[in-house]
Amino acid sequence: MELPFDVVDLGPAEHPQSGEAAPDFERPLVTDEYWEDVALSDLTADGPVLLVFFPMDGSFPATYIWNEITERGWGSDDDLTVVGLSISSPYEHKAFISDADLPYRLFSDPQNGVAETYGIVHDLDGMAGVSEPRPAAFLIDGDRTVEYAWVAAEWPEFPDYDAIAAAIGDL
Amino acid sequence: MSESTTDASEEGDATITLYRLQACPFCERVARTLSEYDLDYQSRFVEPLHSERNAVKRVSGQRAVPVIIDERTGVTMSESERIVQYLDRTYGEA
């Protein structure tokens with residue numbers, strides 16, 4: 001999308017790079033029916049995981065990102081687990097999953113601690129005291145090594161879906 | 001954060017699953033009893049709207065919570081009074 005002005009530059013992020021370990025964490029993981037505490041390492045124990053950090057439920061980027069991922073059908077076979085993470089509460093995630101008919105589970109992290117661990121905190125301008133993760137995607141293999149990492153450097157910025165698809169293909 | 005080091009899952013070996021509703025006193029009573037007996041359990045928080053609790057219905061045949069599933073004994077049980085009695089009987093000191 002070409003705009004006749006500069007968008008907000010978020011600057012570089014100190015996030016885990018390809019080949020480095022993805023930090024483990026445990027948070028409520030929300031399905032369309034319930035939520036329970038699940039660790040990233042619980043998911044990688046079953047194979048590769050695509051972890052997608054997205055802006056809070058209800059924002060248009062959240063809708064755009066999950067529409068695109070759903071259309072591409074990532075994780076529809078057993079070879080890859082696709083999960084999201086935002087600061088929205090489990091109740092909001094349940095509504096989002098149900099309203100958008102998402103075939104994915106979403107981590108709830110209202111205090112944004114996982115984004116801190118991943119070095120991708122985004123303090124929101126005009127929402128005092130609220131921070132969330134930058135939009136980001138990490139493809140993580142079964143031993144929790146990062147295979148592909150993308151983190152937004154501008155606000156807004158969307159994932160390079162084709163690059164993610166290529167990385168999934170390379171697993 | 002300390003959780004970034006190794007394995008963040010604290011309850012991965014839990015053999016008891018508790019279906020619960022946030023702030024439901026009957027569910028809290030069961031959780032308290034589980035804690036008293038130092039039992040590992042995995043909490044699954046469900047929908048406040050009774051008619052939408054199909055996950056609970058699938059495991060227990062009805063939609064009321066709390067429900068526990070104890071893999072060690074093969075027991076699936078609803079109603080907090082019964083559950084507490086079961087826990088007392090199975091894991092109590094007496």
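Letters go in sequence order (proteins before strands), and every chain restarts at 1. Basis for what follows: all heavy atoms, side chains included, without hydrogens, waters or symmetry-related copies.
Shown here is Asp170(A), whose CG atom has more than 12 heavy atoms of other residues, nucleotides or ligands within 6.0 Å. Remark: Asp78(A) CG is loosely packed, at most 12 non-hydrogen atoms of other residues, nucleotides or ligands lying under 6.0 Å away.
Taking hydrophobic clusters as Ile, Leu, Val, Met, Phe, Trp and Tyr residues chained together by side-chain heavy-atom distances below 4.5 Å, Trp155(A) does not share a cluster with Ile120(A). With hydrophobic clusters built from ILVMFWY side chains whose heavy atoms lie under 4.5 angstrom apart, Tyr104(A) shares a cluster with Trp150(A). Ile164(A) and Phe54(A) fall within a single hydrophobic cluster, where Ile, Leu, Val, Met, Phe, Trp and Tyr are joined by side-chain heavy atoms under 4.5 Å apart, directly or via other members. Val59(B) and Phe26(B) sit in two unconnected hydrophobic clusters of ILVMFWY residues. Membership requires side-chain heavy atoms under 4.5 Å apart, directly or through other members.
Atom OG of Ser98(A) and atom CD of Glu52(B) lie 7.0 Å apart (nearest 0.5 Å). Separating the CG atom in Asp37(A) from the CZ atom in Arg44(B) is a distance of 11.5 Å, to the nearest 0.5 Å.
Under the 4.5 Å side-chain criterion, counting only non-hydrogen atoms from C-beta, Tyr34(A) is not in contact with Phe45(B). Contact of the Trp35(A) side chain with the Ser43(B) side chain is not registered, since no non-hydrogen atoms from C-beta on lie closer than 4.5 Å.
Residue contact with chain B, scored on non-hydrogen atoms closer than 4.5 Å, is absent for Tyr118(A). Neither the backbone nor the side chain of Arg20(B) comes within contact range of chain A; no heavy atoms are under 4.5 Å apart.
For Arg53(B) and Glu33(A), the salt-bridge test fails: no basic side-chain N is under 4.0 Å from an acidic carboxylate O.
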